[in-house]
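Letters A, B, ... are given to chains in the order of the sequence lines, protein chains preceding strands, and every chain is numbered from 1.
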Number of protein chains: 2
Amino acid sequence: MIDMRLLRYFVTVADEGNFNRAAERLHIAQPPLSRAIQQLEAQIGAPLLDRSNRPLRLTAVGRLLHAQAVQILARMEDVETMVKAAANSERRRLVIGFVASTIYARLPELIREFRKTADGVELVMVESTTLDQIAALKDGRIDVGFGRIRFEDPAVRRIILRDEKLVAAFSLDHPLARGEGPISLRDLADEPQIIYPRAPRPSYADQVISLFRDHAIEPRIVHEARELQIAIGLVAAEEGMAIVPESVRRARSHDVAFRELSELATSPIIMSHRSGDRSPELALIAGVIARKYAEWGYDVPTALLEEL
Amino acid sequence: MIDMRLLRYFVTVADEGNFNRAAERLHIAQPPLSRAIQQLEAQIGAPLLDRSNRPLRLTAVGRLLHAQAVQILARMEDVETMVKAAANSERRRLVIGFVASTIYARLPELIREFRKTADGVELVMVESTTLDQIAALKDGRIDVGFGRIRFEDPAVRRIILRDEKLVAAFSLDHPLARGEGPISLRDLADEPQIIYPRAPRPSYADQVISLFRDHAIEPRIVHEARELQIAIGLVAAEEGMAIVPESVRRARSHDVAFRELSELATSPIIMSHRSGDRSPELALIAGVIARKYAEWGYDVPTALLEEL
DNA sequence: AGAAAATCATACCCTGGAGGTATTTCAGTG
DNA sequence: CACTGAAATACCTCCAGGGTATGATTTTCT
């Protein structure tokens, strides 16, 4: 199997396009570097660099390996910091990252329950975007994340807890606020709409936009708010309507009206943690969620039970 | 950075649960193995194994590292075979993997065009599922894949060429076959339906099922055919209806009737290749696709132009 | 074009650490 | 408590990764 060292050397040479500078960056002399690359080429069975003319160019095989090597190295760094962080924490603490909108859902109840169940464990809550959560999980800043974006990262395990219905939010005296029963996306096509958050992509905003596009409707977006609270504020200020998770309804009903959608529109609530993490704290929170979900009549995801 | 060697050793020990057997499997003596693990533990800063009682158990940190290490090792193997395969082919050959249904779409025309454009390149066509294509790309059995399933794999680059409309297929004297204009999914709710393929999951069948579920309809599935041709055959035999890509229409219209769907329902056509592969043959096929798509009036995906 | 500079490869040496053998220490077991 | 199986320790060997000196080639400057 190819050594990490050789990969690191090769990537550095490829990035610098120059053995001398690469050797300097690697804190070794140039000749050993030359030999290392030759060694790697021997292992692969083909030249990785075209040395016939300077500046050095990667061969086709070289480009292929480079693209892969960069990813492997990044992965290895991730794992290393992750594991080291895990090692340096006595771990009677659970740090939870969450996106703002989960606060309107059932998260607070789950947290209360967890504090009751596991009173020996210090609990820390950190607000952060789903994407940040991935990085934070990797380097140990958080242990569990609650988000709404479907992402893929082999180092992180993702459990879809449930799909939350979406509803439309209007200002109180908006014409559409008066109607009874569900409203169709089609009726919202020409309504000025407020989406959030703008960044980072991909975001909940993209989910909403593609929801409309899936029904062949091009939404008329007039505002991109930085976060849910601001979006709701703009709705109340009669700037337009917004599509929000159902749970927001309970949190803010005095100056905003809500109507269900006739189309099936949902946003997932996703729990994530480091794959392979089997700390008792993690099992504990999984247990709390499973118990509470059963109590509330939600389906308990089988993936969640595997964590116990 | 942690050495691959140490990872391999650690994973073997963890899997065997025994230093002696692990050492045997690794073709080294037991003492160097012990030292290697100690070394790794020193680098991490925490014990990975609980040696206080046999059989050995992994510590929490150990479990975490193990889960990650297994993945990194697998990744490295993938890359190695992939790059070696790329090295051992002079590469005036392009092997294309495709799922059956793309044959009904524009793929044949693209292939014809490619043969004309690049007559020095031997072209090989291989039928295989989207999932197989990922593995085949990795170990160099194919260079390009055309499929319909959205997958994620960091070693493979995926370009969504376009979204193809779906249509409903009926037997010629099915009551619904007579109607004019598009038909709604809702009207298909109670129709006996044939889906395909059964395996491997996830498949096109899952796309169709979730299409219905997205509209809060539970499809009534009476058959799971192994592949499209068989499904269409069953439709013709009045076993039920099926949801198929629009392009099938051109291929088989003598004994089957088609109707458009009023809902927006599409299935993507996805081209994939090894990330970092910049072979001229790949650029060539990308160019052919871009040219033909422009000619046909399709949007040319920007991701495709990056390959040129 | 020719000289100078830059850059990579080769030749050769030196040392650390990966692996081997022999032995000791310990945890489970009858 | 003695026995057995298994991991750790002690110590040795030797190769491979790294260093220096220098040669071969390509690039650049005059």
What nucleotide among C/dT21, D/dT20, C/dT7 has an atom nearest to a side-chain atom of A/Ala29? D/dT20
Rounded to whole Å, CD of B/Glu24 lies from P of D/dA7 at a distance of 12 Å
Is any side-chain nitrogen or oxygen of A/Asn18 closer than 4.0 Å to OP1 or OP2 of C/dA6? no
Between its two end axes (five pairs each) the helix from C/dA1-D/dT30 to C/dG30-D/dC1 turns, nearest 10 degrees, through 40°
In whole angstrom, give the distance that lies between atom CG of A/Asp50 and atom P of C/dC8. 12 Å
Mapping A/Pro31 and A/Asp3 onto DNA chain D by nearest heavy atom, which one lands closer to the 5' end? A/Asp3
Is the A/Trp296 ring parallel, tilted or perpendicular to the A/Tyr293 ring (thresholds 30°, 60°)? tilted
Could you tell me whether B/Asp3 and B/Arg8 make a salt bridge, using a distance below 4.0 angstrom between a side-chain N and a carboxylate O? no
N/O donor-acceptor pair under 3.5 Å between B/Arg158 side chain and B/Ser272 backbone: no
Can you measure B/Phe19 atom CZ to C/dC26 atom C1' for me and round it to whole angstrom units? 14 Å
Separation of A/Leu33 atom CG from C/dT7 atom P, in whole Å? 14 Å
Under the salt bridge (Lys or Arg N to Asp or Glu O under 4.0 Å) rule, what do B/Glu113 and B/Arg106 come out as? Steps first, then yes or no, please. CA-CA 11 Å; B/Glu113 185 68 16; B/Arg106 299 292 198 146; over 6 Å; no
Could you state the atom-to-atom distance from CZ of B/Arg5 to P of C/dG16 in whole Å? 17 Å
Quick one: label A/Arg35 by what it contacts on the DNA or RNA (base, sugar-phosphate, nothing), any heavy atom closer than 4.0 Å. base
Among C/dG20, C/dC8, D/dG19, the one nearest A/Asn20 by side-chain distance: C/dC8
Quick one: is B/Ser34 getting a side-chain N or O under 4.0 Å of the D/dA8 phosphate, OP1 or OP2? yes
For the residue pair A/Ser34 / A/Gln30, report whether a side-chain donor-acceptor contact shorter than 3.5 Å exists. yes
Expressed in angstrom and rounded to an integer, what is the separation of A/Glu16 atom CD from C/dA6 atom C1'? 16 Å
Would you indicate which nucleotide in C/dG19, D/dA8, D/dA6 comes nearest to any side-chain atom of B/Gln38? D/dA8
Would you say A/Gln39 reaches D/dG17's phosphate, i.e. side-chain N/O to OP1/OP2 under 4.0 Å? yes
Can you identify which nucleotide, out of C/dC8, D/dA8, D/dG18, has its nearest atom closest to the A/Tyr9 side chain? D/dG18
Using modelled atom types and a 3.5 Å cut-off, is there a donor and acceptor pairing between side-chain atoms of B/Thr59 and backbone atoms of B/Pro47? yes
With a cut-off of 6.0 Å (strictly less than), are more than 12 heavy atoms of other residues, nucleotides or ligands near CD of A/Glu24? no
Nearest whole Å is fine: how far is C/dC8 C1' from A/Ile28 CD1? 14 Å
Answer yes or no: does a side-chain N or O of B/Gln30 lie under 4.0 Å from OP1 or OP2 of C/dG19? no
Tell me: CG of A/Leu6 to P of D/dG17, nearest whole Å? 7 Å
For the side chain of B/Ser275 and the backbone of B/Pro154, is there at least one donor-acceptor N/O pair under 3.5 Å apart? yes
